[in-house]
*Asks:* 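Can you read through this structure? Questions will come right after.
Chain identifiers are assigned alphabetically (A, B, ...) following the order of the sequence lines, protein sequences preceding nucleic acid strands; residue numbering begins at 1 within each chain.
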Amino acid sequence: EAQVTQNPRYLITVTGKKLTVTCSQNMNHEYMSWYRQDPGLGLRQIYYSMNVEVTDKGDVPEGYKVSRKEKRNFPLILESPSPNQTSLYFCASFPGQGRAYEQYFGPGTRLTVT
Amino acid sequence: GDSVTQMEGPVTLSEEAFLTINCTYTATGYPSLFWYVQYPGEGLQLLLKATKADDKGSNKGFEATYRKETTSFHLEKGSVQVSDSAVYFCARMNYGGSQGNLIFGKGTKLSVKP
């Protein structure tokens, strides 16, 4: 089954404690993205990756890091989380350039930073 | 910058009522347009799309027509069901689409009562 998986699904942490949210896709997609979803703001792209070792900033990259060492994995790293990063996070992937509409979304990770 | 504006919710309808969710976009070029649906506790799924003016996207009884003159892509369904309760997002491809960035509206929550 084609899917994007994220872990953990729910996470409560404290300010400043480094955390990683994992994302994996089994469709051999080139592109992967991270979004955050906030009430009244919709989805905003944090980072994206066009292929292994190729990443770039989206609209709201501050406070986040990513890496793409393998094609299937695209972890999101918060080195020093702050309360304003409390949000619902989605990982997504799609086959390649010009096919963003074919994005598969993961189930989401709800992060609370206290 | 480029943006997508959709009607604010929540929208509450009775089963079998007619649904319209308005969506307008900024007209930089002729972007592909999409509607995504997010069921409770899940990630986003592509509902329908249109890639050029006057195209009509349709799926699961939902329709939307790409109107270049009014820069609109309103979502309609003739008879909603309780199972249609979800959050609906209008989106446009970012100019060029090379970044894999879909620009989303803020989402409209639909609740359908039996």
*Asks:* Any side-chain heavy-atom pair from A:Phe90 and B:Gln38 closer than 4.5 angstrom?
*Replies:* yes
*Asks:* Let me know if B:Leu44 has heavy atoms under 4.5 Å from chain A in its side chain, its backbone, both or neither.
*Replies:* both
*Asks:* Are there more than 12 heavy atoms of other residues, nucleotides or ligands under 6.0 Å from atom CZ of B:Phe18?
*Replies:*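 More than 12 within 6.0 Å, yes.
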*Asks:* What's the verdict on side chain to side chain contact (heavy atoms under 4.5 Å, CB included) for A:Gln37 and B:Phe89, showing C-alpha distance, side-chain angles and the deciding distance?
*Replies:* CA-CA 12 Å; A:Gln37 182 180 13; B:Phe89 291 90; 3.1 Å; yes
*Asks:* For A:Glu53, does the CD atom have more than 12 heavy-atom neighbours from other residues, nucleotides or ligands under 6.0 Å away?
*Replies:* yes
*Asks:* Taking atom CD as the centre, does B:Gln81 end up with more than 12 heavy-atom neighbours from other residues, nucleotides or ligands that are less than 6.0 angstrom away?
*Replies:* yes
*Asks:* For residues B:Leu102 and A:Tyr35, report the shortest heavy-atom separation together with the two atoms involved.
*Replies:* N-OH, 3.9 Å
*Asks:* Above 12 or not: heavy atoms from other molecules or residues under 6.0 Å from OH of A:Tyr104?
*Replies:* no
*Asks:* If you draw a 6.0 Å radius around NZ in B:Lys77, do more than 12 non-hydrogen atoms from other residues or ligands fall strictly inside?
*Replies:*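 Yes, the 6.0 Å shell around NZ holds more than 12 heavy atoms from other groups.
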*Asks:* Which region of A:Arg44, side chain (C-beta onward) or backbone (N, CA, C, O), has a non-hydrogen atom less than 4.5 Å from a non-hydrogen atom of chain B, or is it both or neither?
*Replies:*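 For A:Arg44, no heavy atom lies under 4.5 Å from chain B.
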*Asks:* Which bit of A:Asp38 comes within less than 4.5 Å of chain B, counting heavy atoms only: side chain, backbone, both or neither?
*Replies:*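 When you check distances to chain B, no heavy atom of A:Asp38 falls under 4.5 Å.
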